[in-house]
Visitor: 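Below are the structure tokens for one structure; questions will follow.
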Amino acid sequence: MKKQFIMASLSTALLFGAVSSAGIGYAASTSQGFTDIENSFAKEAIQELVEAGILTGVNGSQFDPKGELTRAQFVTIMVKAMGLKVDTTKATSTTFKDVTGWAAPYIDAAFEAGIIKGTGAGMFSPNGTLTREAAAVVLVNSLKYQGKLEETNAELTFKDSDDISSWARDSVAIALKYGLIKGNPDGTFNPKGFANREQAAVMGKNFLVSAEAIQQATPTPVATSSPTPTPSVSPTPSPTPTPFIPTGPTITPTPTPESTPTATPTATPTATPTATPTATPTATPAAPTFNVNPELTLMDGGGLLLTFSMAEDLDLDQANSNVEIKYFTKDANGQRIAISNTKTSGPLVKNKEWAGYLASTELPAQNYSKGTANNANYSNQIPANAKLGTIVKKGFHSNGDMDYVEIDWDLPNTYVAVVSVTNAAGKTVTKEASVTVEPAAPTFNVDPALTLMEGGGLLLTFSMTDELNLDDSNSNVEIKYFTLDSNGEPQPITNTKTSDPLVKNKEWAGYLASTETPGLNYSKGTDINSNYINQIPANAKLGTIVKKGFHAPNNDMDYVEIDWDLPNTYVAVVIVTNAAGKTVTKEASVTVEPAAPTFNVDPALTLMEGGGLLLTFSMTDELNLDDSKSNVEIKYFTLDSNGEPQPITNTKTSNPLVKNKEWAGYLASTETPGLNYSKGTDINSNYINQIPANAKLGTIVKKGFHAPNNDMDYVEIDWDLPNTYVAVVIVTNAAGKTVTKEASVTVDPPA
């Protein structure tokens with residue numbers, strides 16, 4: 001049997017049925033018994049699919065058309081509908097980090113089949129409420145699993161098309177093409193809106209039509225049979241194929257002498273319709289309304305208090321009557337995540353099965369709802385305008401009957417309570433309230449200060465107005481160190497012990513020291529038996545040091561290799577996180593500007609007797625050419641007719657003439673004959689790399705000056721011709737600081 005056929009048949013049986021937290025549907029219902037779909041736009045679709053056994057209600061009299069589905073429930077339904085292989089022994093997803101329990105095997109199966117993807121960072125958000133754009137993606141992927149779909153380049157024309165996520169746009173377009181979805185009457189699609197059960201019914205009906213169309217695109221060969229005549233006065237044309245609905249009532253063909261055992265069933269002729277008396281319209285009961293909008297507040301010490309009232313009285317003894325309350329948090333994307341009931345492992349949902357769950361906020365000890373235990377102490381009759389409240393807080397009742405949540409109320413979060421009130425007539429009104437918890441942020445008493453220590457090293461000092469207990473899992477003081485590159489971009493300083501960026505945090509024992517009390521250090525690090533302290537009092541003045549050799553002789557601080565004399569900008573970023581997970585970040589910086597090398601006098605350039613250039617100069621700073629950055633570079637130019645410098649050519653290399661420390665002995669003392677500086681590339685040279693301060697230096701450019709070895713024959717210049725010669729001297733010290741000076745001489749031949 002083809003996959004397409006299996007898909008169509010299974011999907012009709014299971015698609016969009018009511019599911020519990022374990023994805024199991026309620027017993028089948030008949031649409032005639034539903035009291036809450038009279039005004040639903042999906043009434044016809046609901047009735048058709050329920051009568052065919054495709055959809056079910058939440059109980060015998062209610063369909064809950066506005067009810068929402070979680071992502072896990074929806075995927076579970078689709079996996080079962082598609083008949084995918086599922087390992088039901090799996091309790092933890094191998095694909096998503098946040099999926100455990102009953103849904104894990106179904107979600108993994110859907111992922112492997114390409115039906116779903118996660119919400120990012122290895123997460124699926126199984127308890128998140130299903131959005132309309134996400135439903136479109138799952139439906140289209142399910143159709144693709146059956147067979148090849150026709151792609152579409154149609155432009156989405158909804159007023160809010162720009163709000164459709166990029167990952168869903170193609171699927172929404174295909175879903176529109178195949179009639180799976182439609183927009184809203186106001187021209188919007190509402191992609192981030194939640195898909196509810198009545199919308200699912202319409203999508204389910206549309207899905208059946210599309211599934212059959214794809215099935216017919218690649219028809220399965222069937223045995224042919226002689227047509228069965230239909231007993232009718234007029235001949236009945238060949239039957240039009242009907243969408244396959246396996247769970248509906250089987251139509252028995254009318255037997256005729258000509259029929260064969262393999263004949264295709266033909267629908268029983270429909271009798272001539274008899275006029276049906278028009279039923280007297282029944283007035284639709286008014287919906288229950290809230291006297292005021294519900295309010296959700298955070299209780300002192302943690303916990304949620306929901307308060308609300310209704311303008312109508314409500315008798316919970318009536319089958320339809322109910323007050324249902326669902327609780328959610330919101331994830332980083334604003335998606336709702338159902339709060340778990342730790343006693344049942346399902347979503348936290350309160351309803352009239354909970355004895356006394358609604359309390360009067362005006363009359364002490366007055367609670368409503370007898371619950372399933374028919375508790376006589378409580379009342380099922382809620383009077384109109386009664387002010388009601390219900391609490392979610394572990395430990396609120398000493399007997400532990402309210403210990404159904406595990407929540408750290410200090411952590412930042414947004415909590416949502418959705419209240420659905422249904423009256424005896426089955427009319428439902430839903431309202432919601434939310435509260436956001438923003439714990440106070442830790443603050444710095446003053447901005448942190450970063451200073452360069454005498455002899456090199458960084459000292460960071462700061463304080464906080466809040467106390468901080470590093471025993472709390474969230475609490476931390478993290479310090480990251482950087483230098484700034486030539487573009488001003490931060491580059492992490494390397495921890496030479498680990499080869500990773502240098503980052504200090506509470507895993508470092510004693511890394512924060514008191515600047516007021518000698519010997520007092522904070523942070524036990526990973527050693528719980530440490531002599532250091534994890535409780536940092538408010539306004540404590542703290543300091544931490546980066547300096548090789550600071551802790552001699554144990555050298556536990558030798559985690560940097562930095563030449564503090566080099567020019568640099570150092571940055572320390574301090575990130576303080578309190579017990580509630582609230583973070584504040586501050587930074588401090590210090591710039592090192594080493595003194596620049598200077599010339600004692602401006603360099604002088606003279607024309608030598610017989611031709612050639614003599615450059616003389618001196619520096620007030622000593623210079624060690626063994627340092628990688630230290631150098632004395634000399635460039636030579638002539639000036640053209642426009643006064644622009646043109647490099648003099650080194651005839652040995654055909655490149656511009658540039659002298660530097662790679663030239664052995666290129667700098668000579670003008671005071672001490674035979675004393676030359678720069679070993680060049682020969683470390684065994686007799687020349688010297690240490691140039692003392694104020695040494696008087698000279699260097700010559702003249703062909704034939706070193707006869708007979710001619711090592712200075714690197715220019716071909718007629719010194720008698722008129723010209724202006726320029727020498728540019730660039731001195732760089734060990735810190736990389738550079739000073740540039742120049743000198744020139746002009747040759748004017750006799751007229």
Side-chain angles (χ1 to χ4, degrees), residues 451-458 483 486 547-550 552 558 560-570 590-606 608 613-637 657-702 705-706 711-712 726-745:
T451 56
L452 190 70
M453 300 174 68
E454 186 174 358
L458 296 174
T483 58
S486 58
K547 185 175 183 178
K548 182 177 180 179
F550 188 73
D558 294 354
V560 290
E561 289 286 347
I562 295 176
D563 187 341
W564 301 104
D565 293 325
L566 297 182
N568 228 329
T569 295
Y570 300 95
V590 60
T591 298
V592 180
E593 292 284 0
T598 57
F599 291 109
N600 188 44
V601 293
D602 283 338
L605 189 64
T606 57
M608 299 174 68
L613 296 174
L614 170 62
L615 173 70
T616 56
F617 65 96
S618 64
M619 304 173 293
T620 55
D621 294 356
E622 63 181 7
L623 196 70
N624 186 351
L625 297 179
D626 285 326
D627 294 325
S628 61
K629 292 185 177 179
S630 297
N631 203 358
V632 177
E633 186 176 65
I634 306 168
K635 300 179 179 181
Y636 293 89
F637 303 86
L657 176 59
V658 180
K659 296 182 179 182
N660 55 40
K661 70 178 182 179
E662 293 184 357
W663 287 42
Y666 74 115
L667 297 175
S669 169
T670 61
E671 299 175 302
T672 306
L675 176 57
N676 286 63
Y677 299 100
S678 180
K679 290 180 177 289
T681 56
D682 181 6
I683 60 174
N684 298 313
S685 169
N686 293 323
Y687 302 135
I688 299 172
N689 273 345
Q690 288 73 35
I691 305 174
N694 299 309
K696 290 180 172 56
L697 307 172
T699 187
I700 291 174
V701 172
K702 184 175 183 179
F705 188 73
H706 277 180
D711 62 347
M712 291 183 67
V726 180
V728 178
V729 186
I730 305 166
V731 179
T732 305
N733 68 6
K737 194 72 177 181
T738 298
V739 165
T740 301
K741 291 286 181 74
E742 67 179 56
S744 63
V745 62

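Since we're looking at a predicted model, the values are computed, not measured.
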Visitor: Between Leu667 and Lys659, is there a side-chain heavy-atom distance shorter than 4.5 Å?
Guide: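 Not in contact.
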
Visitor: Does the side chain to side chain contact (heavy atoms under 4.5 Å, CB included) test come out yes or no for Ile691 and Leu625, once each step is laid out?
Guide: CA-CA 8 Å; Ile691 305 174; Leu625 297 179; 4.2 Å; yes

Visitor: Looking at every non-hydrogen atom in both residues, tell me the closest pair between Asn631 and Lys661 and how far apart they are.
Guide: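 So the minimum-distance heavy-atom pair works out to OD1-N, 3.1 Å.
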
Visitor: Are there more than 12 heavy atoms of other residues, nucleotides or ligands under 6.0 Å from atom CD of Gln690?
Guide: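 Buried by this count: over 12 neighbours within 6.0 Å.
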
Visitor: Looking at Glu622, I want to see if its CD is surrounded by more than 12 non-hydrogen atoms of other residues, nucleotides or ligands under 6.0 Å.
Guide: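 12 or below, so no.
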
Visitor: Begin from the C-alpha positions of Glu742 and Phe637 and carry the test side chain to side chain contact (heavy atoms under 4.5 Å, CB included) through to its verdict.
Guide: CA-CA 11 Å; Glu742 67 179 56; Phe637 303 86; over 6 Å; no

Visitor: Do Val731 and Asn733 come close enough that some side-chain heavy atom pair is under 4.5 Å?
Guide: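 Of all side-chain heavy-atom pairs linking Asn733 with Val731, none is under 4.5 Å.
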
Visitor: Compare every heavy atom of Thr738 with every heavy atom of Ile730, then report the nearest pair and how far apart it is.
Guide: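 Answer, listing the atom of Ile730 first, then Thr738: CG2-CG2, 3.4 Å.
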
Visitor: Could you tell me whether Lys679 atom NZ has more than 12 heavy atoms of other residues or ligands within 6.0 Å of it?
Guide: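 Buried by this count: over 12 neighbours within 6.0 Å.
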
Visitor: Taking Lys548 for the side chain and Glu561 for the main chain, is one N or O donor matched with an acceptor at less than 3.5 Å?
Guide: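 Between the backbone of Glu561 and the side chain of Lys548 there is no qualifying donor-acceptor contact (under 3.5 Å).
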
Visitor: Start with the C-alpha gap between Leu605 and Val745, add the side-chain angles, then the distance that decides, and say whether side chain to side chain contact (heavy atoms under 4.5 Å, CB included) holds.
Guide: CA-CA 6 Å; Leu605 189 64; Val745 62; 3.9 Å; yes

Visitor: Does Asp682 reach the side chain of Tyr687, with side-chain heavy atoms less than 4.5 Å apart?
Guide: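 Result no, sub-4.5 Å side-chain heavy-atom pair not found.
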
Visitor: Quick check: do Trp564 and Tyr570 have side-chain heavy atoms less than 4.5 Å from each other?
Guide: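 Trp564 vs Tyr570: side chains touch.
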
Visitor: For residues Lys547 and Glu454, report the shortest heavy-atom separation together with the two atoms involved.
Guide: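 The answer is NZ-O, 3.2 Å.
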
Visitor: Is the closest side-chain donor-acceptor distance between Asp626 and Asn689 under 3.5 Å?
Guide: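 The answer is yes; a qualifying pair exists.
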
Visitor: Just by modelled atom types, is the Asn694 backbone N or O under 3.5 Å from a matching donor or acceptor in the Ser618 side chain?
Guide: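 Judged by distance alone, no pair lies under 3.5 Å.
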
